[in-house]
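This one's a predicted model, so the numbers in the text were calculated from it and none came from an experiment.
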Amino acid sequence: YTLLLILGIAASIDLIGVSYEPLLMAANRARTSVTIKLFNAALLLALLFFLLPRMGTLGGAIAQLVVSVVGFVLMGSAARRFSRSLRDTG
């Protein structure tokens, strides 16, 4: 039950931030989006490397939750920066 709860929260966070990536793509900020995705992948690998041996599957679920939160914050801040640049130039 605990694993499903943590993974469900991570999936919910991903679902909340799903609109950020298309926004960045449409705004010609694909490089930013890909950079964030690559950073998230590297972060997930690093967290799995440290947490899986120590905590098992619970560590994997926690790693996914952390990566979901970090990805949401990074994509959201990139989208916010873009919207502010539009407001300042318009």
Going through the checks in order, is the side chain to side chain contact (heavy atoms under 4.5 Å, CB included) test met by Ile62 and Leu47? CA-CA 9 Å; Ile62 291 170; Leu47 288 172; over 6 Å; no

Between Arg31 and Leu24, is a side chain to side chain contact (heavy atoms under 4.5 Å, CB included) present by the stated rule, with each step listed? CA-CA 9 Å; Arg31 180 176 293 240; Leu24 292 173; over 6 Å; no

Under the side chain to side chain contact (heavy atoms under 4.5 Å, CB included) criterion, do Asn40 and Ile36 qualify, and how do the steps go? CA-CA 6 Å; Asn40 279 350; Ile36 292 170; 4.1 Å; yes

What's the verdict on side chain to side chain contact (heavy atoms under 4.5 Å, CB included) for Phe39 and Val70, showing C-alpha distance, side-chain angles and the deciding distance? CA-CA 10 Å; Phe39 175 78; Val70 169; 3.9 Å; yes

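Note: Leu38 CG to Leu43 CG = 12.5 Å, rounded to the nearest 0.5 Å. Put simply, CZ on Arg81 and CZ on Arg29 are 9.0 Å apart, with the number rounded to the nearest 0.5 Å.
Hydrophobic clustering (side-chain heavy atoms under 4.5 Å, transitive across Ile, Leu, Val, Met, Phe, Trp, Tyr) keeps Phe50 apart from Leu45. Note on Ile16 and Leu65: same hydrophobic cluster, where clusters join Ile, Leu, Val, Met, Phe, Trp and Tyr whose side-chain heavy atoms are under 4.5 Å apart, directly or indirectly. If you chain together hydrophobic residues whose side chains sit under 4.5 Å apart, Leu52 and Leu58 fall into the same group. Hydrophobic clustering, with ILVMFWY side chains joined whenever heavy atoms are under 4.5 angstrom apart, groups Leu48 together with Met55. Grouping the Ile, Leu, Val, Met, Phe, Trp and Tyr side chains by contacts below 4.5 angstrom, directly or via other members, places Ile13 apart from Leu7.
In this structure, Met75 and Ser33 approach most closely via the heavy-atom pair CE-OG, 3.5 Å. Closest heavy-atom contact between Tyr20 and Ala79: CD2-CB, 3.7 Å.
For the pairing with Ile6, the side-chain contact (heavy atoms from CB on, under 4.5 Å) check across Ile9, Leu3, Thr2 returns one residue only, Thr2.
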